[in-house]
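Quick note: numbers below take in every heavy atom, side chains included, and nothing from hydrogens, waters or symmetry partners.
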Amino acid sequence: MLIRARQALRHLVTYGKGGTMTPAIPGFTYQRVPVADGVSLNAAVAGSGTPIVLLHGFPQTHLMWRHVAADLAADHTVICPDLRGYGASDKPAETDSTTYAKRTMAADIIALARALGHERFALAGHDRGALVAIRAGLDHPETITHLASLDVLPTLDMWEAMRGTSAAVGFHLYLMAQPPGLPEQMIAASPDAFFGHFLDIWANDPQAIPADVRAAYLDACRDAVPSIVADYRASAGIDVGHDQADRAAGNRLRMPVTVLQQDWGPALGFDAAELWTAWAPDLRHTTVTCGHFMAEEAPADVANALRNLLTR
């Protein structure tokens, strides 16, 4: 099934917004769905059966799920949105700390699924999308049936774990945590170099992100510098406060949880599985042999893990 998906992607279909043509997932229909006042999300939808929503990471769009989504659509309803502030979704100005709080972005996803007719659904996220998924699971346990996180720690644990020289790998987290102005100016001065840097160093297999997909990612990021920075700024502020409140209250993820992470090795100085256990009593934590972009580098492993999650 994944082989057929890859073959189809040699001839990516496109959808247009404002006259701009962008790669799209073959066999998926595209629509813009209002989810909040003045905010609509671009979403790709296909398949039938129990629903699963797939949330992308940085510096990507929904297109990162192209292989996995095509596989799962054989027997599930698959919904792949661009997060608020990313891709072809709306990018509201950062008026306060809540605009790009993960709580707000999670509420977007709940509203999206409901607008498409799904009151309960499984949710998987990679990187930034995983942070949104975690917050959705904590805030809406009656709605999220299963949850998967790809290659990220919960926000509070991420900041507590990063220390000393090992924190240099997350320099972008500290840069985009700064007050509005400087980070936006610095990144906008050379966006392709900034966002391309992460596409280069985080992929073990550069061929996993072909030229047309890479160009689509860079185009999308180039147009979204303020909103991407606002997303990261929220993770250094209001998102931490929300996690702290949940930890103090003993609020945990009640649904089955699967965590896939690349082998970070001992250099970072923490046990990721142990950190995750504190949040997810029903946890399966697996190391995947690939780079950060595992849905593109090891799509069969990711698809199998999600299918196994949905049987729990």
Side-chain angles (χ1 to χ4, degrees), residues 1-10 12-13 23-30 42-83 86-87 109 112-113 118 121-133 136 144-152 199 202-205 207-210 212-214 216-217 256-262 284 286-312:
M1 195 174 300
L2 283 168
I3 293 174
R4 292 199 299 271
R6 290 194 186 97
Q7 289 172 340
L9 282 160
R10 294 175 186 169
L12 283 170
V13 295
I25 305 176
F28 278 63
T29 60
Y30 281 76
N42 172 62
V45 184
S48 62
T50 54
I52 181 167
V53 179
L54 306 177
L55 305 180
H56 66 85
F58 163 93
Q60 299 154 294
T61 69
H62 75 282
L63 196 60
M64 62 152 281
W65 290 107
R66 58 197 180 276
H67 305 307
V68 175
D71 184 314
L72 295 178
D75 46 17
H76 294 280
T77 298
V78 181
I79 304 167
C80 301
D82 289 329
L83 295 168
Y86 289 81
I109 303 307
L112 169 69
H118 307 293
F121 58 94
L123 184 58
H126 173 255
D127 192 84
R128 310 304 296 171
L131 300 182
V132 176
I144 308 304
T145 63
H146 303 77
L147 190 146
S149 169
L150 277 60
D151 215 37
V152 78
L199 293 174
W202 287 348
N204 283 2
D205 177 12
Q207 301 304 313
I209 304 177
D212 56 347
V213 174
R214 179 188 174 91
Y217 290 161
V257 175
T258 286
V259 172
L260 301 179
Q261 291 184 288
Q262 62 174 311
R284 292 185 185 175
T286 302
T287 299
V288 180
T289 304
C290 64
H292 178 61
F293 304 115
M294 54 182 61
E296 294 172 286
E297 296 184 67
D301 291 339
V302 173
N304 288 336
L306 295 182
R307 288 186 180 280
N308 289 336
L309 168 66
L310 292 172
T311 67
R312 286 161 59 193

Run the numbers on Val302 and Trp65 for side chain to side chain contact (heavy atoms under 4.5 Å, CB included), then give the verdict. CA-CA 10 Å; Val302 173; Trp65 290 107; 4.1 Å; yes
Side chain to side chain contact (heavy atoms under 4.5 Å, CB included) between Gln261 and Asp151, worked out: CA-CA 4 Å; Gln261 291 184 288; Asp151 215 37; 3.8 Å; yes
Name all residues meeting the ring pair (Phe, Tyr, Trp, His ring centres under 6.0 Å) criterion together with His292; count only those two or more places apart in sequence or in a different chain, and write none if there are none.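 Ring pair (Phe, Tyr, Trp, His ring centres under 6.0 Å) check on His292 returns His126, Trp202.
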Work out which heavy atom in [X] is nearest to a heavy atom in [Y]; give both atom names and the distance.
X      : Y      : result
Pro299 : His67  : CB-CB, 3.6 Å
Tyr86  : Gln60  : CD2-O, 4.1 Å
Gly291 : Asn204 : N-ND2, 3.4 Å
Leu112 : Pro81  : CD2-CB, 3.6 Å
Phe28  : Val78  : CE2-O, 3.8 Å
Ala46  : Gly27  : CB-O, 3.7 Å

Rounded to the nearest 0.5 Å, how far apart are [atom1] of [X] and [atom2] of [Y]?
X      : Y      : atom1 : atom2 : result
Leu72  : Ile79  : CG    : CD1   : 12.0 Å
Leu306 : Leu260 : CG    : CG    : 7.0 Å
Met64  : Asp127 : CE    : CG    : 8.5 Å

[X]: side chain to side chain donor-acceptor pair (under 3.5 Å) partners, not counting sequence neighbours:
X      : result
Arg284 : none
Thr50  : His76
Thr61  : none

Beyond-backbone contact of [X] with [Y], side-chain heavy atoms, under 4.5 angstrom:
X      : Y      : result
Ile25  : Leu63  : yes
Val213 : Arg66  : yes
Leu83  : Leu55  : yes
Ser149 : Val257 : no

Going through the distances and angles, do Val53 and His118 end up as a side chain to side chain contact (heavy atoms under 4.5 Å, CB included)? CA-CA 10 Å; Val53 179; His118 307 293; over 6 Å; no
Test log, rule side chain to side chain contact (heavy atoms under 4.5 Å, CB included), inputs Phe293 and Leu199: CA-CA 9 Å; Phe293 304 115; Leu199 293 174; 4.0 Å; yes
Is Glu297 reaching over with its side chain to a backbone N or O of Asp205, donor-acceptor style, under 3.5 angstrom? yes
Just by distance, do the side chain of Thr77 and the backbone of Gly49 share a donor-acceptor pair under 3.5 Å?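 Pair found, side chain donor or acceptor close to backbone of Gly49.
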Short side-chain donor-acceptor distance under 3.5 Å, Tyr30 and His62: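 Result is yes, a qualifying pair exists.
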Tell me, please, which residues at least two apart from Asp75 pass salt bridge (charged side-chain N to carboxylate O under 4.0 Å, His left out). Arg307
Mind checking side-chain contact (heavy atoms from CB on, under 4.5 Å) for Ala122 and listing every partner two or more places apart, or none if nothing turns up?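 Partners of Ala122 under the side-chain contact (heavy atoms from CB on, under 4.5 Å) test: Ile52, Thr145, His146, Leu310.
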